[in-house]
Amino acid sequence: MAKKKKKTFRPKARLPKGMRDVESAEISAMSSMLETIRECYHLYGFEALETPVFEYSDALGKSLPDQDRPNAGVFSFEDEDSQWLSLRYDLTAPLARYVAQHYDALPKPFRRYQTGYVWRNEKAGPGRYRQFRQFDADSVGVPGVAADAELCMLASHTIEKLGIGRGQYVMRVNNRKILDGVLEMIGIDPKGEEDLEMRMTILRSIDKLDRLGIVGVEALLGEGRKDDSGAYTKGAGLPIEKIAKIIAFVGAGADERTAVLENFRTLVSSSVTGMEGVVELEEMDSLFVASGFGTDRIVFDPSIVRGLDYYTGPVFEAELTFEVKDEKGQPIRFGSVGGGGRYDGLIAKFKGIEVPATGFSIGVSRLYTALNALGKFSGGSGYGPVIVMVMDKDRLGDYQKMVGRLREAGIRSELYLGGSGIRAQMKYADKRKAVCVVIQGSDEQSRGEVMLKDLIEGMQKSEEIVDNKSWREGRPAQFAVAEAELVEAVRSVLARYGDS
RNA sequence: GCCGCUGUAGCUCAGCCGGUUAGAGCGCCUGAUUGUGGAUCAGGAGGUCCCCUGUUCGAACCAGGGCAGUGGUACCA
């Protein structure tokens, strides 16, 4: 016993899964990205809004949390007064709450944009986190599909502003009413409770077209499907003739929007709801045409389904179509980086009166990864501050004064505050990616000078020098200037690297 | 959740048929250089070989269970 070391409790330094730390370079890249999106949304006349990160669970619209699984999908916890709270899992539900709460005071239509983290208690994966950022724009109190069309065009506009070229992305649009029409045609009630399970299974199957192809969807609609890993997915168990109808619909895509509409019209002709959806898409098409949005930006796609619950009309998705290789040479597909649609029933849950609304959400975190892979953020200098070294600990006041002069001139700089010698200070400056360090020992001081060292030039010089002595004594990339000219001299060093 | 794969130093990984003291590269620290980062050289620190149980004279290695990570799939309001 006595031999064993006494164990002191040490918490393990680790991240919860699906969470990540964000460091300096990403923070600045992200903030410029957010600013670009904000400008776009603002330009289109949307108004900023912030809501808290958690809400009462019932306000988030799910019948959650239930007894057995209080955290299924959402992170929830109980308040002191035993009311359940949940972290928001999107920005739409809080918007609905906000609109319902302030309905009378708001201008109608009410147009708002909002960004923030959302949380989902789900399995994390590469590029899939349990905390991620969304950037939403929504129009509330807008009955016509002009609002939906506007959001599609806004999304397209924003994505291009972020540096994704035309042809590298596409907006895919569908309409839930058309999907409902298809369900009607095979005898499934698109609204009622009793067919809910079946309806979900079918819609989910359709949604997987891009990944599984026609054959996969067919399997899911019928008996079921076994994937490469051996995992088995139970199918909808539909008879062949019904499967054929759905497959015919799923295959109704085409390059031209008018051609897709033509296909839709014949496929759902006997469904009133379905035809309503077709008419809505026709109207959106004419708005797209009027604004010059061709099929290089917006297409109609029967396999777009989107979240299964609250959408009631047009639904849309922004998809990146380019491929990037990761460091191992594996292709990464980014797929959907945003989506949205019409949710006419959501606010009614609070108000009792139907308030038509539509919105679009950018998955900022995922889009950031894509932009990064495209090399859109390599522009930043990444240089660190100028470091004023401490040669003589009794003269901290003098050094502090130098830093003060630099800062007054708007030059990012700091006094070395660690406790180590000059060697460690140089290493520190190197690690901080400093362009320039300021050195004043007793020699320089006695001459009324400061020594500046250009670390970048120094690094270049070091490549040529093999001999230890000459490297050590040559003091490459260093020069003395009069103390009075400190600011100007530092500025000219920074200017060499465009970092001013 | 289900199926597969993986778990050895801070990181990337090697470790033969089970054999005693567990390795490399990179990184880190120290010195050569008491006033100089990045090259070079010399030295050093750092390990519950994921955990538990079992088999064995002997386990990083074999078996069973667990945990974690990862890939696919399901779910994703």
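Letters A, B, ... are given to chains in the order of the sequence lines, protein chains preceding strands, and every chain is numbered from 1.
Evaluation of A:Tyr89 against the base of B:rA77 yields a stacking contact (centre distance < 5.5 Å, interplanar angle < 30°).
Crowding of A:Glu488 atom CD: a count of heavy atoms from other residues, nucleotides or ligands under 6.0 Å exceeding 12.
Remark: B:rG44 base-pairs with B:rC28. Criterion, Watson-Crick or G-U wobble with two distances under 3.5 Å. The nucleotide B:rA74 finds no pairing partner, because no Watson-Crick or G-U wobble arrangement with both distances shorter than 3.5 Å includes it. Base pairing analysis places B:rG54 opposite B:rC62; the two distances defining the Watson-Crick or G-U wobble pair are each below 3.5 Å. In a base pair of the Watson-Crick type (N1 to N3 plus N6-O4 or O6-N4) or a G-U wobble (N1-O2 and O6-N3), with each distance short of 3.5 Å, B:rA9 is matched with no nucleotide.
A:Phe77 pairs with exactly one of A:Trp119, A:Trp84, A:Phe54 by the ring-ring contact (aromatic ring centres under 6.0 Å, His included) rule, that one being A:Phe54.
Between B:rC28 and B:rG46, the distance separating the two C1' atoms is 9 Å to the nearest Å. Rounded to whole Å, the separation between the P atoms of B:rC75 and B:rC49 comes to 42 Å. B:rA59 and B:rG1 have their C1' atoms separated by 34 Å, given to the nearest Å. Between B:rC3 and B:rG65, the two P atoms lie 13 Å apart (nearest whole Å). Rounded to a whole angstrom, the distance from the C1' atom of B:rC52 to that of B:rG72 is 30 Å. A gap of 25 Å separates the C1' atoms of B:rG15 and B:rU53, to the nearest Å. Rounded to whole Å, the P atom of B:rA45 lies 26 Å from the corresponding atom of B:rU36. The separation of B:rG35 from B:rU30, taken at their P atoms, amounts to 15 Å, rounded to a whole angstrom.
Distance A:Gln440 CD to B:rG35 P: 16 Å, rounded to the nearest Å. Put simply, NZ on A:Lys427 is 10 Å from P on B:rG31, counting in whole angstrom units. Across the protein-nucleic acid pair, A:Asp207 atom CG and B:rC75 atom C1' stand 12 Å apart, rounded to whole Å. Separating the CD atom of A:Gln460 from the P atom of B:rA39 is a distance of 15 Å, rounded to the nearest angstrom. Remark: P of B:rG37 and CD of A:Gln425 are 12 Å apart, rounded to the nearest angstrom. Following rounding to the nearest Å, A:Leu15 (CG) and B:rA68 (C1') show an atom-to-atom distance of 15 Å. One atom, CG of A:Asn121, and another, P of B:rG1, lie 11 Å apart when rounded to the nearest Å. Protein atom CE of A:Met426 is 4 Å distant from nucleotide atom C1' of B:rG37, rounded to whole Å.
A:Asp443 comes within 4.0 angstrom of a base, heavy atoms only. In this structure, A:Lys208 reaches the sugar-phosphate backbone alone: every heavy-atom distance under 4.0 Å involves primed, P, OP1 or OP2 atoms, never a base. Residue A:Thr92 is out of contact with every strand shown, counting any heavy-atom pair closer than 4.0 Å. Residue contacts for A:Lys453: at a heavy-atom cut-off of 4.0 Å it reaches a base atom on one of the strands shown. Among the protein residues, A:Arg128 comes within range of the nucleic acid bases, having at least one heavy atom under 4.0 Å from a base atom. Residue A:Glu444 is classed as a base contact, given a heavy-atom separation below 4.0 Å to a base.
Judged by distance alone with a 3.5 Å cut-off, no donor-acceptor contact links the side chain of A:Gln478 to the base of B:rG35. Judged by atom type and distance alone, A:Lys123 reaches the base of B:rG72 through a side-chain donor-acceptor pair under 3.5 Å.
When the ring pair (Phe, Tyr, Trp, His ring centres under 6.0 Å) test is applied to A:Phe350, no partner is found at least two apart in sequence or on another chain. For A:Ser361, the side-chain contact (heavy atoms from CB on, under 4.5 Å) partners are A:Gln134, A:Asp136, not counting sequence neighbours.
Relative ring orientation between A:Phe377 and A:Tyr368 is described as parallel, the plane-to-plane angle staying below 30° on a 0-90° scale split at 30° and 60°.
Each of B:rU36, B:rA77, B:rU73 was ranked by its minimum atom distance to the side chain of A:Ile439; first place goes to B:rU36. Checking B:rC76, B:rA74, B:rG35 against the side-chain heavy atoms of A:Glu122 singles out B:rC76 as nearest. Comparing B:rG37, B:rC75, B:rG71 by their closest approach to the side chain of A:Arg423 singles out B:rG37. Across B:rG71, B:rG37, B:rU36, the shortest atom-to-atom separation from the side chain of A:Ile422 is found for B:rU36.
Put simply, A:Arg204 has a side-chain N or O that comes within less than 4.0 Å of OP1 or OP2 on B:rC75.
Two residues, A:Ser442 and A:Arg211, neighbour RNA chain B, and the one matched to the more 5' nucleotide by heavy-atom proximity is A:Ser442.
Note that A:Arg111 lies in the cation-pi zone of A:Phe46, set by a 6.0 Å cut-off to the ring centre and a 45° limit from the axis. Judged by the 6.0 Å and 45° rule, A:Arg133 forms a cation-pi pair with A:Tyr117.
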Apply the test side-chain contact (heavy atoms from CB on, under 4.5 Å) to residues A:Arg225 and A:Leu220: give CA-CA distance (whole Å), side-chain angles for both, the deciding distance (0.1 Å), then the verdict. CA-CA 6 Å; A:Arg225 174 176 177 275; A:Leu220 284 176; 4.0 Å; yes
